[in-house]
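Accompanying notes for the structure given below.
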Amino acid sequence: MSSPGQSGGMTRGDGLSEAYLAVGSSFSDFLEQVGHHPMRTVSGTTSTSTVPHGTTIVALVCADGVVMAGDRRATMGNVIAQRDIEKVFQADEHSVIGIAGAAGLAIELVRLFCVELEHYEKIEGTPLSLDGKANRLSSMLRNNLGLAMQGLAVVPMLAGFDLDHGRGRIFSYDITGGRYEERDHHAVGSGASYARGSLKKLFFTGMSVEAAAMAAIEALYDAADDDSATGGPDMYRRIYPVVGTVDIHGVQMWEEDRVAQLVEQVVGARRSAPDGPRAALPPATSGGGE
Amino acid sequence: MTMPFYVSPEQVIKDKADYARKGIARGRSVVVMQYEDGILFVAENVSRALHKISEIYDRIGFAAVGKYNEFENLRVAGVRLADLRGYSYDRRDVTVRSLANAYAQTLGTIFTETSKPYEVEIVVAEVGETPADDQMYRLTFDGSVADEHDFVVMGGDTEQIQIALEQTWRPNLTLGEALQIAVDALRPISGQADSASAPEPIGPKSLEAAVLDRRRSRRLFQRLSVDRLVEILGEPANGANHASSGGNSS
């Protein structure tokens with residue numbers, strides 16, 4: 001990890017060193033040049049029971065852009081390491097990033113990624129395209145491959161509004177930095193398979209932001225229902241999923257009260273229908289039954 | 001074998017300084033001034049891409065005159081220094097004072113150790129919680145640092161602008177007022193450039209302007225678009241009202 005001790009590469013008394021005056025607009029490349037290696041590989045392996053792991057993140061495309069939501073649980077083996085961790089972040093003006101996997105590394109990756117985007121924007125005078133951001137994240141993730149192989153995998157998901165194409169887009173990743181664009185919706189983390197099943201039944205094209213956020217909360221509820229590492233909404237402590245939305249005007253990280261309204265509806269409806277909303281079956285064609 | 005001519009160190013320094021001053025004086029001027037909600041940067045600049053005014057960090061802005069490639073180098077270095085500090089420690093730990101120091105060291109070294117000094121003059125400014133907390137530093141080609149208040153003028157023919165602003169600048173100007181007096185002060189220079197014709201006011205299209213607005217959140221630097229400049233400068237009589245109510249658009 002980064003150590004504040006090496007804050008520079010500045011040669012004392014001589015001002016800013018060569019690396020500062022070199023050509024380039026990537027912050028992480030610059031870090032390498034001044035001898036900073038945020039994701040340092042170490043020997044040995046670690047198990048999931050010794051470091052906190054973040055769990056489930058979901059994202060869906062909606063009519064105006066994209067919605068991302070994440071539960072609030074971090075686990076360390078069978079222990080709940082934190083019940084109000086935040087795993088969905090604003091990356092820049094038009095994108096959000098969610099993370100699953102080794103929480104410490106993942107949060108550092110997000111911090112570095114955010115600086116990377118801002119750094120590029122300041123140096124070049126224009127923000128990266130959404131594809132550019134997605135590719136950048138891919139190569140940063142690949143730098144973490146050594147740690148991932150040792151059990152400290154980080155699995156992010158990037159969602160943003162593509163100003164060139166005028167729509168919301170979602171990118172998922174594997175631990176080797178493989179980058180995959182997802183159509184419509186996606187989920188990552190330990191509860192992802194349950195969340196995906198849920199999203200599949202709830203998603204439709206052209207959802208409003210509110211409907212998409214509602215579907216995301218339903219999906220996280222379903223994930224928490226079947227995956228012990230995913231935290232459901234905690235009504236007593238008022239710990240609700242983190243919801244971030246992106247449209248042409250930018251990112252909105254939702255206030256707690258706004259999320260609370262949707263969560264109360266979802267939880268309220270589950271009192272009478274514990275398995276959540278029903279998907280309509282097509283009418284049976286062969287006779288009988290009735 | 002011939003002996004090289006002896007040139008006294010005083011002469012070397014003086015020649016370099018004259019060289020740098022001449023280069024800087026050729027350029028158009030930049031004004032940086034405090035107003036009630038922050039710090040305003042105004043430059044005469046027809047280019048929309050080659051900026052003289054830039055964002056360094058959340059509360060820190062940069063303005064320069066002189067040779068573009070040289071001050072652009074320094075700007076990029078400043079962004080790197082600030083981002084590295086903010087990433088290594090915390091966003092709050094990035095200060096204009098350390099940036100000014102780094103620039104001073106760098107410019108000083110270049111001035112003394114290379115045969116060609118940078119032909120640049122820069123201002124780095126940090127907006128505080130109140131006007132009393134605002135900081136502005138002017139750095140010259142030889143690495144000297146000056147702690148400035150109220151307003152700073154750099155570039156060619158600064159004297160007239162300085163005199164104009166001494167008469168018109170006062171504390172707690174609104175954005176509209178500040179912009180107006182900055183543009184008025186810059187005007188004579190452009191008039192001279194256009195030979196004998198009467199001084200024309202600088203149109204919004206050939207102005208580059210930005211603010212560090214303490215009312216914004218996190219990244220306080222904001223460029224003022226041509227539309228915004230027209231909105232503020234268009235009607236000089238009530239431009240001030242526009243500015244105070246205009247607020248945080250875009």
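Treat the numbers as computed from the prediction; the structure is a model and nothing was measured. A note on names: the letters A, B, ... follow the listed sequences, proteins ahead of strands, and every chain is numbered from 1.
With a threshold of 4.5 angstrom between heavy atoms, B/Tyr57 approaches chain A through its backbone and through its side chain. Interface residue A/Leu112: backbone and side-chain heavy atoms are both found under 4.5 Å from chain B. Interface residue B/Arg218: only side-chain heavy atoms are found under 4.5 Å from chain A. For a residue to count as touching a neighbouring chain, one of its non-hydrogen atoms must lie under 4.5 Å from one of that chain's; by this rule B/Ile56 touches chain A with the backbone only.
Looking at residues two or more places apart in sequence or on another chain, you find no salt bridge (charged side-chain N to carboxylate O under 4.0 Å, His left out) involving B/Glu126. Qualifying side chain to side chain donor-acceptor pair (under 3.5 Å) partners for A/Asp131, counting only residues two or more places apart in sequence or in other chains: A/Arg169. With sequence neighbours left out, the salt bridge (charged side-chain N to carboxylate O under 4.0 Å, His left out) criterion links A/Asp64 to no other residue.
Summarising the geometry of B/Gly66 relative to B/Phe71, their closest heavy-atom pair is O-CE2, 3.7 Å, with the distance given to 0.1 Å.
The pair B/Lys22-B/Asp18 does not meet the salt-bridge criterion, since no charged nitrogen lies less than 4.0 angstrom from a carboxylate oxygen.
Residues B/Ile53 and B/Val32 have side chains not in contact (no heavy-atom distance under 4.5 Å, counting atoms from C-beta outward).
Ring pair A/Phe113/A/Phe89: centre-to-centre distance not below 6.0 Å.
Residues of residues 115-124 of chain A lying within less than 4.5 angstrom of chain B, judged on heavy atoms, are A/Val115, A/Glu118, A/His119, A/Glu121, A/Lys122, A/Ile123 in numerical order.
To the nearest 0.5 Å, atom CG of residue A/Asp71 and atom OG1 of residue A/Thr55 are 3.5 Å apart.
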